[in-house]
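A note on names: the letters A, B, ... follow the listed sequences, proteins ahead of strands, and every chain is numbered from 1. Keep in mind that this is a model prediction, so the values were computed, not measured.
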Amino acid sequence: DVLMTQTPVSLPVSLGGQVSISCRSSQSLVHSDGNTYLHWYLQKPGQSPQLLIYRVSNRFSGVPDRFSGSGSGTDFTLKISRVEPEDLGVYYCLQSTHFPLTFGSGTKLEIK
Amino acid sequence: EVQLVESGGGLVQPGRSLKLSCAASGFTFSNYYMAWVRQAPKKGLEWVATISTSGSRTYYPDSVKGRFTISRDNAKSSLYLQMNSLKSEDTATYYCASSNWELGDYYVMDAWGQGASVTVSS
């Protein structure tokens, strides 16, 4: 199985600040079709997960441009600029290149 | 508006069975792959199963393969998860999710239900 390692586990941030979350995979996420199937989710407290970024760098409908995704191969990053209160929660990466699908263990974004 | 509403959760004894349902609305259900994802208390997300649009293809991780069965009824816009031989480690909130191929991936989950709680305990 592909192991998804997220760092850091906890990320204190000041409102208005900028943060980066890392997600590294134990093997390349480049599919045989040439695409990379790495996605990012946010789970706000008491809520279901919501899709933020799909296929590395594409913002899902309604996601503000403060969120951006980048990376390739085994190394991926989610950046959040101008952090707002509604950004707080746990962020997960997901790879769907290989079966079984696997999530990262999560990064908790909290107020400093 | 896309809506996914799970039902059927509850308390069940180890070794027994339980069937979850998910009622979908607001999109053309038969055009989308569907999935179940679970989250144990205070833990992260774990993919449980995915089913193709027609139901002819199903996918599971080893942790549930042979015990869980995902199915769908396109006429009823409903998704199901039959869980047999339940173990304490299956205790979790189970989310129903749609997988939007229009995002260029059959397996990325874009809409999620509110979850159904399953507790396996004697």
Side-chain angles (χ1 to χ4, degrees), chain A residues 1-10 21 23 29-63 69 76 89-109, chain B residues 1-6 9 22 24 26-27 32-52 57-66 68 70 92-117:
Chain A
D1 298 1
V2 177
L3 178 64
M4 305 296 289
T5 302
Q6 276 185 246
T7 54
V9 172
S10 177
I21 299 171
C23 178
L29 298 186
V30 179
H31 194 275
S32 56
D33 64 10
N35 292 308
T36 300
Y37 298 106
L38 184 285
H39 323 287
W40 290 96
Y41 292 84
L42 165 60
Q43 186 173 30
K44 298 180 181 181
Q47 296 187 19
S48 305
Q50 57 188 85
L51 179 63
L52 295 174
I53 302 287
Y54 63 96
R55 286 194 294 118
V56 181
S57 59
N58 298 278
R59 274 186 300 276
F60 187 54
S61 176
V63 175
F76 303 90
V90 181
Y91 289 80
Y92 295 95
C93 57
L94 164 70
Q95 70 80 22
S96 57
T97 296
H98 306 283
F99 278 102
L101 310 187
T102 45
F103 288 90
S105 54
T107 295
K108 186 174 184 179
L109 189 68
Chain B
E1 180 195 2
V2 173
Q3 274 206 314
L4 299 167
V5 180
E6 301 94 338
C22 172
F27 65 105
Y32 289 80
Y33 279 41
M34 296 294 295
W36 289 98
V37 176
R38 68 184 179 184
Q39 185 170 35
K42 305 295 186 184
K43 299 294 185 182
L45 302 171
E46 181 187 12
W47 169 70
V48 171
T50 292
I51 188 167
S52 63
R57 291 186 299 275
T58 57
Y59 310 87
Y60 308 92
D62 286 346
S63 58
V64 306
K65 192 177 294 182
F68 289 12
I70 187 173
T93 295
Y94 285 74
Y95 295 101
C96 163
S98 62
S99 291
N100 189 349
W101 58 268
E102 293 174 331
L103 301 182
D105 179 7
Y106 283 106
Y107 307 106
V108 61
M109 306 103 178
D110 66 327
W112 298 59
Q114 85 289 348
S117 178

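Using bins of under 30°, 30° to 60° and over 60° for the plane-to-plane angle, the ring pair B:W47/A:F99 lands in the tilted bin.
Taken to the nearest 0.5 Å, the CG atom of B:D62 stands 6.5 Å off from the CG atom of A:D1. With rounding to the nearest 0.5 angstrom, the CG atom of B:D105 is 11.0 Å from the CG atom of A:N58.
The two atoms that bring A:S48 and B:G113 nearest to each other are OG-O, 2.5 Å, heavy atoms only.
B:M109 places a side-chain heavy atom less than 4.5 Å from the side chain of A:L101. When side chains are defined from C-beta on, A:Y54 does not count as touching B:N100, because their heavy atoms never get closer than 4.5 Å.
B:Y95 meets the ring pair (Phe, Tyr, Trp, His ring centres under 6.0 Å) test with B:W112; sequence neighbours excluded.
Residues of residues 33-42 of chain A lying within less than 4.5 angstrom of chain B, judged on heavy atoms, are A:Y37, A:H39, A:Y41 in numerical order.
With a 4.5 angstrom heavy-atom cutoff, A:Q47 touches chain B only via backbone atoms. Using a 4.5 Å cut-off between heavy atoms, B:Y59 touches chain A through its side chain atoms alone. Interface residue B:Q39: only side-chain heavy atoms are found under 4.5 Å from chain A.
Heavy-atom pairs under 4.5 Å with chain A peak, among B:A97, B:G104, B:G44, B:G115, at B:G104.
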